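In what follows, a structure is listed as structure tokens, so that the remarks can point back to it.
In this text, all values refer to a predicted model and were calculated from it rather than measured experimentally.
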Amino acid sequence: LKNNEQEKNIIRRQAETDVPSTEETESFVTKSATGAKFDAQERHILEVLVKYGEATLYFTENENQPVTVGAYILMELEQDNLKFSNPLHALMIEEYRNNEHQEGFVAERFFLHHSHSGISELTADLISEKYTESRVHSKVKKVIPDSERLNEFVPRLVFEFKNSLVINMIKQKLIELKAANDSKDTE
């Protein structure tokens, strides 16, 4: 058991000391600069995917087939050809897509025990409860947990992510138009 842990630590240290190429670094920096603002939204989508991915969101009208939270999120992202800007988040989405149809697949367990240390650490952070409701608050008002309101919560979460991306694209185009207009004025 100790040898196994020592081997994992050696492999982990080697992976950490690998220096990325200049191209990889530049690509990551440009992605991070534009994608950092979407990091929280991506994490929230991943949190829902990990915690409730196997839960049924709704049933199709024609065939009365269940559509899971995970299938809905993947379908919405694929439909608009959206990719996560954070490479670790994108890897988790890809891993979910590749493994969701395996029998006995439970996203929380799968990602928590994943061989990629970054994925397992992120999953542990995503599934941990950040806040606990005080006794005073729980006596005054009943808070409905997310698991009971998935049908309104999940589509809204995906819509807000898409909306943020569209607003960012509009801002980028306005900046490009302004730059083009300014260069035209200087000529």
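- Nearest heavy-atom pair, Ala55 versus Leu150, reported as atom, atom and distance to 0.1 Å: CB-CD1, 3.8 Å.
- Distance alone, capped at 3.5 Å, places no donor-acceptor pair between the Asn163 side chain and the Phe159 backbone.
- Residues Tyr96 and Ala107 share a closest heavy-atom pair of CE1-CB, 3.6 Å.
- Remark: aromatic rings of Phe38 and His44 are distant, center separation not under 6.0 Å.
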Please step through salt bridge (charged side-chain N to carboxylate O under 4.0 Å, His left out) for the pair Glu160 and Arg156, ending with a clear verdict. CA-CA 6 Å; Glu160 287 174 355; Arg156 180 181 178 145; 2.8 Å; yes
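- Aromatic pair Phe153/Tyr52: centroids not less than 6.0 angstrom apart.
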Identify every side-chain donor-acceptor pair in residues 71-79 under 3.5 Å, counting partners at least two apart or on other chains, and give the distances.
unit_1 : atom_1 : unit_2 : atom_2 : d
Glu76  : OE1    : Lys162 : NZ     : 2.5
Glu78  : OE2    : Arg97  : NE     : 2.6
Glu78  : OE2    : Arg97  : NH2    : 3.3

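- Using a 4.5 Å heavy-atom threshold, the side chains of Glu42 and Ser85 count as touching.
- Cluster annotation: Val50 is not connected to Val106 through the hydrophobic network of ILVMFWY side chains, with a link wherever side-chain heavy atoms come within less than 4.5 Å.
- In summary, Glu47 and Arg43 do not engage in a salt bridge, as defined by a charged side-chain N under 4.0 Å from a carboxylate O.
- Side chains of Glu121 and Ser117 form a contact here, defined as non-hydrogen atoms less than 4.5 Å apart.
- Aromatic rings of Phe105 and His101 (six-membered ring for Trp) have centroids beyond the 6.0 Å cut-off, not under it.
- Cluster annotation: Ile127 is connected to Val48 through the hydrophobic network of ILVMFWY side chains, with a link wherever side-chain heavy atoms come within less than 4.5 Å.
- Clustering ILVMFWY residues whenever any of their side-chain heavy atoms sit less than 4.5 angstrom apart, transitively, puts Val166 in the very cluster that holds Leu174.
- Between the NZ atom of Lys51 and the CG atom of Leu126 there is a distance of 8.0 Å, given to the nearest 0.5 Å.
- In this model, no donor atom of one side chain and acceptor atom of the other lie less than 3.5 Å apart for Thr123 and Glu108.
- Of the inter-residue distances, the one linking Leu91 atom CG with His89 atom NE2 reads 10.5 Å to the nearest 0.5 angstrom.
- Looking at Asn86, its side chain does come within 3.5 Å of a backbone N or O of Leu88 through a donor-acceptor pair.
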Going through the checks in order, is the side-chain contact (heavy atoms from CB on, under 4.5 Å) test met by His113 and Ser120? CA-CA 6 Å; His113 301 292; Ser120 57; over 6 Å; no
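- Surrounding CZ of Arg109 are at most 12 heavy atoms belonging to other residues, nucleotides or ligands under 6.0 Å away.
- Residues Phe110 and Asn99 have side chains in contact (heavy-atom distance under 4.5 Å, counting atoms from C-beta outward).
- Between the CG atom of Asn168 and the NZ atom of Lys171 there is a distance of 7.0 Å, given to the nearest 0.5 Å.
- Counting only heavy atoms from C-beta outward, the side chains of Ile93 and Lys83 never approach each other to under 4.5 Å.
- Taking the side chain as every heavy atom from C-beta outward, Leu46 and Leu49 approach each other to under 4.5 Å.
- Listed by first and then second residue, the side-chain hydrogen bond (donor to acceptor under 3.5 Å, both in side chains) pairs that reach into residues 53-69 come to none, sequence neighbours excluded.
- Ring pair His114/Phe111 is parallel by interplanar angle, where below 30° counts as parallel and above 60° as perpendicular.
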